[in-house]
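Report on one structure; see the data block that follows.
Order of the sequence lines fixes the chain letters, A, B, ..., with proteins taken first and strands second; residue numbering starts at 1 for each chain.
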Amino acid sequence: MNEKIPRILAYMQSCPFLDQFVADDIEIRSSKYDPALMLNVLPNGTPLYLTRTKKMPTTCGTPGHTLPSGYTPSGKYKPSKYVPYKTDKRAGK
Amino acid sequence: MALPLIVIVAPFHDEHADAVVARLYERCRLIRIDPNELPADVSYSSTSNICKLNGIHFSPQDVSGLFCRYALDQSPKSSHLNAIESFSYAERWAALIGILYLIPRSRWLNFPIYEHVAEGKIYPLSLAQQYGIATPDYLVTTAQSELIAFHTAHKRCVIKQLSDTPIAWQNNCYIDVPDFAEFETLYTANYDGRDLLAHENHDDTPTLLQTTVSKSYELRIAIVDNYAFATQIQTHDLDNVDNRLIPNRHEKPYAISADFEKKLCEFTRIALHLRVCTFDFAVDLCNEPYLLDVNPQGNWLWQDIDHGLPIANCIAEQLLIAID
């Protein structure tokens, strides 16, 4: 015998953004929570929240730059770090 | 002079909390807690009225702001614990919650009980009507005869879920969280009465019907204390009643009138007792906004990142002001 279901389940619709759903998950899995910074960062050091956008991705280049040294909120000292030039997909930039 | 102390209560994976934390560096002392991973060191002495969380000692009155993105009324207890582990977990949870509740309610964005009250559909929408904010007519019922009468009277209706509980249809079965194969899930949908034709398949779960607003556009408005941040969402596909289903939808920041901003801020603060909240409005062809949904912890990060609305910054600033 079939189980009875709530009426609203007769109105389910396909999720149209499966690719985005998968891409988001890959990005989240590659990120990790940094207890010193108290936020999630990607392997290249970019805060994960900055990658959250609904705009279409475009290819862009990021010049090499030096991250300044300084103290984290928990008092840990982080030395300066050079981030090399890279080309990547970044939405809306 | 000591820096202000701010407490963030959110899952460690919460990116909205991340965005606020990033605005607080070097401006305060920060404690971030994920209730799914209870802090190892917790203490409170009633003699001194001093607490300790994550190695930081403080008086509850010293906390200038607490940003809470977790339903603290629900303990995240694991079902895999044995009796002793379960008891220990409950004690640790009670200690943490007890300490957090010592922090004055006025410092919370948002205090959990008020957020819980504002989360449903029925109560906040009814309260909004009393406050002079228009809402579409709606019906919540288990009775098929009432659904038929409402649908007949209003012709164009949408059906939407009452709670935020996730559910999906994948691989020929219902599950709560789908994997990466194709799946169906619930969005706001045009109601065509298809359930009435197969009524023997349905149980007596309450159903929410709401009249359809003939809209020219939608507004997503985030309120932070006395500030409003609005985004206009153009929907050229008038048959699509859920803007989440529209690919590449056209959005832009929108300036709401000062009167509307004041009314919405007062509604948030005085009626809902909240300091942060997001609202969804459908604006009809006569420029009348109708409140569709109230989300105390709705997503606002896309408005901040894509449209430059400084919501995270505003939350950070408000956390730094100790409101009594």
Side-chain angles (χ1 to χ4, degrees), chain A residues 1-42 45-58 68 70-78 90-93, chain B residues 8 12-19 21-22 24-26 28-30 32 34 144 147 159-162 167-169 174 178 180-187 189-192 194-196 198-208 242 244-249 251 301-302 304-306 312:
Chain A
M1 192 176 117
N2 287 336
E3 189 181 5
K4 290 191 173 188
I5 60 172
R7 290 175 185 277
I8 193 172
L9 297 189
Y11 292 85
M12 283 188 151
Q13 300 172 74
S14 292
C15 173
F17 306 121
L18 199 58
D19 291 347
Q20 187 61 44
F21 183 61
V22 174
D24 282 355
D25 186 75
I26 291 168
E27 203 157 58
I28 290 167
R29 281 169 194 264
S30 70
S31 70
K32 68 173 185 180
Y33 180 74
D34 184 330
L37 296 173
M38 295 192 196
L39 48 74
N40 296 277
V41 292
L42 294 171
T46 307
L48 178 63
Y49 80 88
L50 289 176
T51 67
R52 287 294 170 248
T53 176
K54 289 190 218 146
K55 291 184 179 172
M56 292 299 287
T58 51
Y71 289 91
T72 65
S74 63
K76 186 179 174 186
Y77 180 75
K78 291 256 182 180
R90 204 169 305 168
K93 303 278 177 162
Chain B
I8 309 283
F12 284 142
H13 60 74
D14 186 302
E15 295 156 48
H16 286 70
D18 286 359
V21 165
L24 290 167
Y25 286 156
E26 300 180 356
C28 65
R29 291 173 295 152
L30 261 177
R32 181 163 176 173
D34 179 348
Q144 174 158 310
L147 289 174
I159 184 168
K160 54 168 78 171
Q161 64 184 114
L162 267 165
I167 189 164
W169 172 257
Y174 289 103
F180 300 127
E182 288 185 5
F183 66 91
E184 294 182 354
T185 190
L186 287 177
Y187 299 95
N190 284 309
Y191 185 73
D192 57 13
R194 74 185 72 160
D195 54 300
L196 303 174
H199 64 92
E200 68 280 2
N201 295 339
H202 299 292
D203 63 15
D204 56 0
T205 302
T207 301
L208 166 62
D242 193 319
R244 289 172 296 179
L245 292 168
I246 301 171
N248 302 326
R249 63 190 195 185
E251 306 162 350
L301 195 54
W302 60 275
D304 192 306
I305 303 267
D306 285 349

Find the one option among B:W169, B:Y174, B:Y187, B:F12 whose heavy-atom pairs under 4.5 Å with chain A are most numerous. B:F12
Sort out for me which of B:H13, B:K160, B:E15 touches chain A most, counting heavy-atom pairs under 4.5 Å. B:E15
Treating B:R32 as the side-chain partner and A:M38 as the backbone partner, does any N or O pair qualify as donor plus acceptor under 3.5 Å? yes
Are the side chains of B:D306 and B:L301 in contact, using a 4.5 Å heavy-atom criterion? no
For B:Q144 and B:T207, run side chain to side chain contact (heavy atoms under 4.5 Å, CB included): C-alpha distance rounded to whole Å, both residues' side-chain angles, the deciding distance at 0.1 Å, then the answer. CA-CA 9 Å; B:Q144 174 158 310; B:T207 301; over 6 Å; no
With respect to chain A, which residue among B:T185, B:T205, B:V21 yields the maximal number of heavy-atom pairs within a distance under 4.5 Å? B:T185
Output all residues satisfying salt bridge (charged side-chain N to carboxylate O under 4.0 Å, His left out) with B:E184, sequence neighbours left out; order by chain, then residue number. none
Structural part of B:E200 lying under 4.5 Å from a heavy atom of chain A: backbone
Any donor and acceptor pair, going by atom type alone, linking the side chain of B:Y25 with main-chain N or O of A:L37 inside 3.5 Å? yes
Taking side chain as everything from C-beta outward and backbone as N, CA, C, O, which of these in B:I167 sits under 4.5 Å from a heavy atom of chain A? Side chain, backbone, both or neither. both
Who pairs with B:D192 by salt bridge (charged side-chain N to carboxylate O under 4.0 Å, His left out), at least two apart in sequence or on another chain? B:R194
At a heavy-atom separation under 4.5 Å, does B:Y191 approach chain A through its side chain, its backbone, both, or neither? both
Where does A:Y11 contact chain B at under 4.5 Å (heavy atoms): side chain, backbone, both or neither? both
Spell out, as yes or no, whether a donor-acceptor pair under 3.5 Å connects the side chain of A:N40 to the backbone of A:L48. no
Applying a strict 4.5 Å limit to non-hydrogen atoms, the region of B:Q161 in contact with chain A is both
So what's closer than 4.5 Å to chain A heavy atoms on B:A22: side chain, backbone, both or neither? both
